[in-house]
Number of protein chains: 2
Amino acid sequence: MSRTVLTREQVLEAADDLVRQHGPDALTMRGLAARLGTAVTSIYWHVGNRESLLDALVERTVEEMGAIQPTGRTPATRIVSVARRLRGELHARPHLIAMVHERGLTERVFLPAQRALVREAHTAGLRGARAAEAVRAVQFQVVGFVLVECARGLAPAETPGRERPRKTASTRKDPALARALARPADPDRLFTASMRALVKSLLAQGGT
Amino acid sequence: MSRTVLTREQVLEAADDLVRQHGPDALTMRGLAARLGTAVTSIYWHVGNRESLLDALVERTVEEMGAIQPTGRTPATRIVSVARRLRGELHARPHLIAMVHERGLTERVFLPAQRALVREAHTAGLRGARAAEAVRAVQFQVVGFVLVECARGLAPAETPGRERPRKTASTRKDPALARALARPADPDRLFTASMRALVKSLLAQGGT
DNA sequence: ACCTGAACACCGTTCAAGT
DNA sequence: ACCTGAACACCGTTCAAGT
């Protein structure tokens with residue numbers, strides 16, 4: 001695996017693989033060196049240290065995520081389409097986006113999508129601070145949702161019912177509700193539903 | 001700091017302090033021992049190992065967060081009030097809630113609040129699966145938002161403008177929008193605004 | 001310019017031994 | 001039942017030394 005000379009790009013590539021498969025904790029300098037068939041210290045020459053290696057990985061990820069084209073006819077559906085695509089992209093790299101996030105670079109990841117969102121908000125009639133707020137609300141909603149999903153996905157598994165949902169006046173009178181809450185949530189449905197709900201309200205403000 | 005015999009509760013207390021102040025990474029078994037004035041190995045006797053120590057801390061946090069009383073007249077404002085209080089509580093322990101999250105115990109933290117949310121959704125006329133979806137949408141929105149905020153808060157600082165927001169057709173025609181996007185977001189305002197927007201739509205579905 | 005091994009200071013954890 | 005020191009296997013990082 002190390003026929004030619006070691007290059008910074010090779011180091012980044014191997015590190016990216018490791019993080020994408022087993023998470024940041026699995027990335028150890030020694031393990032990486034072993035994987036590349038070199039001494040640990042060579043890696044330090046190419047990337048500085050572990051922290052700046054992670055920085056470089058994050059930078060890479062940020063650049064990989066390109067612009068996103070909206071689809072649909074109304075501004076509302078177009079915004080929701082951007083949100084869903086964004087979620088898809090983030091979903092493909094759960095560990096990386098967590099790292100992007102820890103480094104406070106979330107805004108950067110969102111810049112390309114932000115332009116599309118701004119355009120849609122504008123054609124929907126939102127202006128000024130109100131438009132900005134709508135755009136940001138959508139951004140926060142998307143990242144927030146994905147973060148929740150990631151944590152859930154990487155966790156061992158939601159211990160279900162250890163402390164089962166209590167029967168309350170409301171759930172006793174509405175067994176369908178009780179059943180729905182007992183089932184684990186369907187993230188896809190939930191995402192689309194709450195995204196639609198949010199966008200609908202945000203754009204409605206523009207009409208008035 | 002170690003006049004009497006060492007107790008499990010003391011270990012947890014000291015660990016909690018450490019995590020709350022400097023985050024989970026700052027919690028080292030050796031450092032904790034030093035702080036308590038005992039040998040590292042004593043700690044192992046009381047709490048097993050680092051992982052189960054963190055588990056115990058999380059369990060503690062989950063139990064600390066009690067029920068939340070809604071305030072306000074309409075179901076919408078009452079739900080928003082629950083959301084805001086919840087955010088406040090989570091905000092007070094950013095590191096802990098991240099850990100709760102990593103362990104997939106988010107639902108547990110939300111159980112007390114969930115009861116209140118269910119009741120409000122019900123009085124707003126939502127039933128069955130639709131009510132469950134609304135409740136969950138609110139829950140996800142709150143945790144998601146707080147997670148985004150925490151990451152932002154713990155990060156060194158959002159590097160602003162390194163790649164400044166491009167001028168687009170929309171922003172050129174709407175300088176107020178451009179300015180609003182250039183400023184950092186006000187999390188309090190944004191949270192309340194998007195929460196209100198979401199809840200408004202969700203409850204509107206019940207009316208029809 | 002690039003790579004190396006040895007060494008340092010730090011981890012979590014185990015274990016046999018003490019009282 | 002509770003605490004201890006010694007030891008193990010792992011870290012990230014530095015540094016002087018090689019080519």
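The figures that follow rest on heavy atoms only: side chains count, while hydrogens, waters and symmetry mates do not. Residue numbers start from 1 in every chain, and the chains themselves are labelled A, B, ... in the order their sequence lines are given, proteins ahead of strands.
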Testing the basics here: between [X] and [Y], what is the closest heavy-atom pair and its distance to 0.1 Å?
X	Y	value
A:Ala132	B:Leu177	N-CD1, 3.5 Å
A:His95	A:Val19	CD2-O, 3.2 Å
B:Ser201	A:Ala197	OG-O, 2.6 Å

Tell me if the CZ atom of B:Arg84 is crowded by more than 12 foreign heavy atoms within 6.0 Å.
no
Generate the contact string for nucleotides 6-19 of chain C. Rules: B means base contact, S means sugar-phosphate contact only, - means no protein heavy atom under 4.0 Å.
BB---BBBBB----
From the list C:dC3, C:dT4, D:dC3, which nucleotide is the closest neighbour of the side chain of B:Ser42?
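Nearest nucleotide to the side chain: D:dC3.
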Once Watson-Crick and G-U wobble pairs under 3.5 Å are found, how is DNA chain D written in dot-bracket notation, 5' to 3', with | for any base paired to another strand?
||.|||||...|||||.||
Can you tell me if B:His46 touches the phosphate of D:dC3, counting only side-chain N or O atoms and a distance under 4.0 Å to OP1 or OP2?
yes
Roughly how far, to the nearest 0.5 Å, is CZ of A:Arg20 from CG of A:Leu27?
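If I round to the nearest 0.5 Å, the distance is 13.5 Å.
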Rounded to the nearest angstrom, tell me the gap between atom CH2 in A:Trp45 and atom P in C:dC2.
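After rounding, the gap between these two atoms is 4 Å.
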What is the distance, to the nearest angstrom, from the CZ atom on B:Arg8 to the P atom on D:dA1?
16 Å
Could you walk me through whether A:Asp186 and B:Arg136 pass the salt bridge (Lys or Arg N to Asp or Glu O under 4.0 Å) check?
CA-CA 10 Å; A:Asp186 174 354; B:Arg136 281 199 164 121; over 6 Å; no
Could you tell me if A:Asp55 and A:Ser52 have a donor-acceptor pair between their side chains, going purely by distance under 3.5 Å?
no
Side chain of A:Ser194, backbone of B:Ala137: donor and acceptor closer than 3.5 Å?
no
